[in-house]
There are 2 protein chains.
Amino acid sequence: MARDFSKTHRQDKLNQCIEENPFLTDEELARLFGVSIQTIRLDRLELGIPELRERMKKAAEENYGKIKSLSGPELVGELLDLELGVSGLSVMEVTGDMVFQRTNIARGHHLFAQANSLAVAVVDAPMALTGAAKVVFKRPVYLGEKITAKAVVNSVKENKYTINVTSRVKLEEVLAGTYTVFVIKKEEENGIAHSS
Amino acid sequence: MARDFSKTHRQDKLNQCIEENPFLTDEELARLFGVSIQTIRLDRLELGIPELRERMKKAAEENYGKIKSLSGPELVGELLDLELGVSGLSVMEVTGDMVFQRTNIARGHHLFAQANSLAVAVVDAPMALTGAAKVVFKRPVYLGEKITAKAVVNSVKENKYTINVTSRVKLEEVLAGTYTVFVIKKEEENGIAHSS
DNA sequence: CAACTTTTAGTATCTGGTGCTAATATCAGT
DNA sequence: ACTGATATTAGCACCAGATACTAAAAGTTG
């Protein structure tokens, strides 16, 4: 079984190869590995790797969803409850693309994003921007955990909202923050303290 | 040309329809609009809409890149300079998926993400997590602007770094923040103040 | 009615595959 | 060297989702 070595070896490489660049046809792969197309097909079969089109479809669909959840809508996470001008509630599950690969710990700005966008959402106005924020990360959050963020409006003074957001995993507090959010009147973009 | 009305009308709808859900075959579209496949094909031809597979491919490729730039690497933005334990510099261009569509103003957490990940990167350790942050958004940042973030280590006390990050567009300050970042020893995940 | 646009039908062809059968290597063990 | 097992290659029929082209039918308008 000297062949067995070369075979499993090739299949390892193939797995790697496709993971790195999923947009390769069997023909291209065959040329790459110096074997026939049929061999590649058999390998894919054994390894359970779907055909190019399925791979593309999957990639496209996945990311079509991601675009919407990561940057498309105004809100990061899923809105559960919203009482304009008073409070808001959202959940977000920590997915693989939010974490450090070494540790599976979520990067802080993802938690921040959920909390920040919720803070902006509770403001009772067509447009609002974060002016300042003060946050404390209480403990790391891991892959797969569900973060519940609760925003409560603390005070309103003219166009300036002060909002507290607490993010928890189950009942444990993981992030606490205070956000100062400004309501923006149409076409306004002057002055100090803006953006979100 | 009463037909012309119905034709252009259908083509408008078709454009919309495909934009909303790019994963429809000509056959499904034909059924949806109650016309023949050939009509759909002619419409696509006239409108310059590529076939399903091309649309999928495009979506897959686009987002394959996006995944890497939005959440893949440890750093948000592009690293220009890095002196471990001392300072770091990164740039990021504000792209369409970072802004509020109504105003083309970047959402705050994207600026935060650039600054935060830079702060974590300058720490001279294999693993570090943001413990706390205090940020002030000085002015809104618009689609297409290039943000330069500069991080400077302010103080180090055991495993606790205090880092100032200033983000500018050209010479104008848009975001100023102070980050407290903790160095994590392997497998450590206890105690207070963590995550990033 | 004639001229025109729009719609439908049908065929040949392409790509990147699946699924199946069968013919060759290639090698190990006896 | 022969046998048996595994690995590789070849070939064919078929499929989806198209393109490209030709041609016929339907509807519209002066």
Side-chain angles (χ1 to χ4, degrees), chain A residues 1-68 72 96-97, chain B residues 1-68 72:
Chain A
M1 287 185 195
R3 274 284 168 134
D4 195 46
F5 160 77
S6 71
K7 184 186 179 181
T8 52
H9 184 71
R10 186 191 56 231
Q11 292 191 342
D12 281 357
K13 288 269 176 192
L14 194 106
N15 242 331
Q16 247 185 288
C17 203
I18 286 185
E19 198 142 341
E20 270 172 37
N21 182 0
F23 307 126
L24 289 167
T25 65
D26 289 356
E27 205 182 342
E28 291 170 317
L29 288 166
R31 244 179 293 137
L32 254 162
F33 287 90
V35 296
S36 71
I37 278 195
Q38 285 83 350
T39 303
I40 295 293
R41 312 249 228 238
L42 280 174
D43 286 348
R44 274 202 299 103
L45 206 84
E46 284 176 28
L47 296 170
I49 299 173
E51 63 168 296
L52 166 68
R53 280 151 182 165
E54 290 305 310
R55 293 186 320 253
M56 286 204 317
K57 195 176 167 185
K58 207 175 158 188
E61 274 170 352
E62 257 178 36
N63 299 315
Y64 210 72
K66 236 165 238 168
I67 255 187
K68 281 191 179 161
D97 51 77
Chain B
M1 289 185 190
R3 275 285 167 133
D4 195 45
F5 161 77
S6 70
K7 185 185 179 182
T8 52
H9 184 70
R10 186 191 57 233
Q11 294 193 339
D12 281 358
K13 288 269 176 194
L14 194 104
N15 243 330
Q16 246 183 287
C17 205
I18 287 184
E19 195 141 344
E20 271 172 38
N21 182 357
F23 306 125
L24 290 167
T25 66
D26 288 356
E27 205 181 342
E28 290 169 317
L29 289 166
R31 244 179 292 137
L32 254 163
F33 287 91
V35 295
S36 71
I37 279 196
Q38 284 81 353
T39 304
I40 296 292
R41 310 248 231 238
L42 280 175
D43 285 349
R44 275 203 299 102
L45 206 84
E46 285 177 27
L47 296 171
I49 300 172
E51 64 167 295
L52 167 67
R53 282 153 179 162
E54 290 304 310
R55 292 186 319 253
M56 286 204 316
K57 195 175 167 186
K58 205 176 160 188
E61 276 170 351
E62 257 178 37
N63 300 316
Y64 212 70
K66 233 166 242 167
I67 254 186
K68 283 192 180 160

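In what follows, every heavy atom counts, from backbone to side chain, and hydrogens, waters and symmetry copies are set aside. All values derive from a computational prediction rather than experimental measurement.
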Between B/E28 (CD) and D/dA18 (C1'), how many Å, whole number? 14 Å
Could you tell me the separation between the CZ atom of B/R55 and the P atom of D/dA16, rounded to a whole number of Å? 18 Å
Could you state the atom-to-atom distance from CD of A/E27 to C1' of C/dC14 in whole Å? 13 Å
Is B/R10 near enough to C/dT7 that one of its side-chain N or O atoms lies under 4.0 angstrom from OP1 or OP2? yes
B/L14 CG to B/I18 CD1 distance, which is reported to the nearest 0.5 Å: 4.5 Å
Counting only heavy atoms from other residues, nucleotides and ligands, does the tally under 6.0 Å from CD of A/E46 exceed 12? yes
Whole Å only: how far is the CG atom of B/L24 from the C1' atom of D/dA16? 16 Å
Given C/dT7, is OP1 or OP2 found less than 4.0 Å from the side-chain N or O atoms of B/S36? no
Of all heavy-atom pairs between A/Q11 and A/L47, which one has the smallest distance, and what is that distance? O-CD1, 3.7 Å
Under 4.0 Å between any heavy atoms, over every strand shown, what does A/L42 touch: base, sugar-phosphate, or nothing? Just pick one. base
Test for a donor-acceptor pair under 3.5 Å between the base of D/dG17 and the side chain of B/R53, counting only N and O atoms. yes
Restricting to nitrogen or oxygen on both sides, can you table the protein-nucleotides 18-22 of chain C pairs closer than 3.5 Å?
unit_1 : atom_1 : unit_2 : atom_2 : d
C/dT18 : OP1    : A/R44  : NH1    : 3.0
C/dT18 : OP1    : A/R44  : NH2    : 3.3
C/dT18 : OP2    : A/R44  : NH2    : 2.8

Smallest separation among heavy atoms of A/F23 and A/E28, with atom names: O-OE1, 4.0 Å
How many whole angstroms separate atom CZ of A/F23 from atom C1' of C/dT15? 17 Å
With sequence neighbours excluded, what pairs up with A/E51 under the side-chain contact (heavy atoms from CB on, under 4.5 Å) test? A/R44, A/R53, A/E54
State, to 0.1 Å, how close A/P22 and A/R55 come at their nearest heavy-atom pair, and which atoms those are. O-NE, 3.1 Å
Nearest whole angstrom, please: distance from the P of D/dA7 to the NE2 of A/H9. 16 Å
So which atom in A/C17 and which in A/L29 form the shortest heavy-atom distance, rounded to 0.1 Å? SG-CD2, 4.3 Å
To the nearest Å, how far apart are B/I18 CD1 and D/dG17 P? 14 Å
Does C/dG16 have OP1 or OP2 sitting under 4.0 Å from an N or O in the side chain of A/T25? no
Gap between atoms CD1 and P, on B/I40 and C/dT6 respectively (whole Å): 15 Å
